[in-house]
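Just so it is clear, the model here is predicted, and its values are computed rather than measured.
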Amino acid sequence: MKLQFAPLNIPLRRRLQTAATLQWVFSFLLLAQCCMAAFVLLALSDWWMVSLLYAGWLWLDWDTPTNGGRRSQWVRSCRLWDYFRDYFPMTLVKTADLDPKKNYIFGFHPHGVLVAGAFGNFCTEATGFSRLFPGLTSHLLMLPFWFRVPLFRDYIMCGGLVSSSKSSLSHVVSRPSGGNVAVVAVGGASESLDARPGALTLQVQSRKGFIKLALKHGAQLVPVFSFGENELFDQMENPSGSPLRRLQNRLQSIMGVAMPLFHARGVFQYSFGLMPYRKPIHTIVGKPISVVQTPSPTSEDIECLHKVYLQNLTELFEQHKHTYSLHEHQHLTFI
């Protein structure tokens, strides 16, 4: 492989964009492990009392990730995220007004490798979520496992991340006065194993838990499609049934997290590395689907609303695919 090095005369603005994105990749891949190691080392040092006090705080604060989290407007509005946004660049597109007196479940598609679009649009103010949807507060759902990691949990909650448990989702969308948005990456971590350029396959046919909770609490459903999400990384070939895919599925069943073997570019060269490609991300928020509250929804109720949701998601994709350089023959595939 011939290395393609980055030129030396790159403008400072682009260097800052790369630095901002590098820290995001580090946070996603390694920050949790570093936080756990720091906590253990602190407990074994002369400063063990600090770790003991934090452990007490952790015990008292254990349920916060399932009770709406603890967001920080300062963290969400940090200038760092503007550089992160401009790296791709990333945009959030509104197609309809949303009533702030109602609660919503945003179904985010596709998951991608590192869910960059969901993070940038709903965990920061870089793309103007609060300006586009005044009166609404976004909460991106993340696997409960990550909220058990000391220190790391406090950082991710600052951006508005909350646990993806049923009780957490219910807490977000059951607010009587409305104004809450729960953002669910419907395909989940397993969908990341199929995230590669050109992929339009969504794991959604059997994902009906969010539909049931929408009915139970009367939350309006909103399909969201993020064009460009799968273009950010290449991935090793792992077709269904291959040894690598079987190993990845096995590891996911054991650890609860997917392990995609992805690669893209580096910091100082463009040939390989874990930095995402500079590909534009356009996240389109669709029109809300009216949901009548049904405290005890039947399987027929769930199935019917699920079909309506998939139909609206398909229409959203078809209406906008030409704008973002997709061909007429490209369509979504649901599995």
Measuring from [X]:[atom1] to [Y]:[atom2], what's the distance to the nearest 0.5 Å?
X    : Y    : atom1 : atom2 : result
L326 : H329 : CG    : NE2   : 9.0 Å
L313 : L310 : CG    : CG    : 6.5 Å
L140 : L161 : CG    : CG    : 5.0 Å
S290 : L221 : OG    : CG    : 10.0 Å
H320 : E318 : NE2   : CD    : 11.0 Å

Quiz item: Given R246 and N238, is the side chain to side chain donor-acceptor pair (under 3.5 Å) satisfied, shown in steps?
Solution: CA-CA 9 Å; R246 289 198 298 269; N238 59 341; over 6 Å; no

Practice problem: Quick one: do Q17 and R278 satisfy side chain to side chain donor-acceptor pair (under 3.5 Å)? Show the steps, please. | Solution: CA-CA 10 Å; Q17 293 168 7; R278 283 182 177 264; 2.8 Å; yes

Check: [Y] main-chain N/O paired with [X] side-chain donor or acceptor under 3.5 Å:
X    : Y    : result
E191 : H111 : yes
T294 : S296 : no
N230 : A199 : yes
S242 : P239 : yes
R207 : G187 : yes

Distance flag, aromatic centroids of [Y] and [X], threshold under 6.0 Å:
X    : Y    : answer
F129 : F133 : yes
F225 : H109 : no
W81  : F119 : yes

Atom [atom1] of [X]: over 12 foreign heavy atoms under 6.0 Å:
X    : atom1 : result
R70  : CZ    : yes
D97  : CG    : no
K307 : NZ    : no
F26  : CZ    : yes

Ionic contact status for [Y] with [X], cut-off 4.0 Å:
X    : Y    : value
R153 : D61  : yes
R245 : D194 : yes
D86  : R13  : no
K208 : E303 : yes

Quiz item: Quick one: is the NZ or CZ of K321 closer than 6.0 Å to the six-membered ring centre of F227, and within 45° of its axis?
Solution: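 Verdict for F227: no cation-pi partner in K321.
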
Quiz item: Between V25 and P276, what is the shortest heavy-atom contact and its length?
Solution: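 It is CG2-CD, 3.9 Å.
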
Quiz item: Relative to the ring of F152, is the ring of Y155 parallel (under 30°), tilted (30 to 60°) or perpendicular (over 60°)?
Solution: tilted

Self-check item: Side-chain touch D154/W57, heavy atoms, less than 4.5 angstrom
Solution: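 D154 vs W57: side chains touch.
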
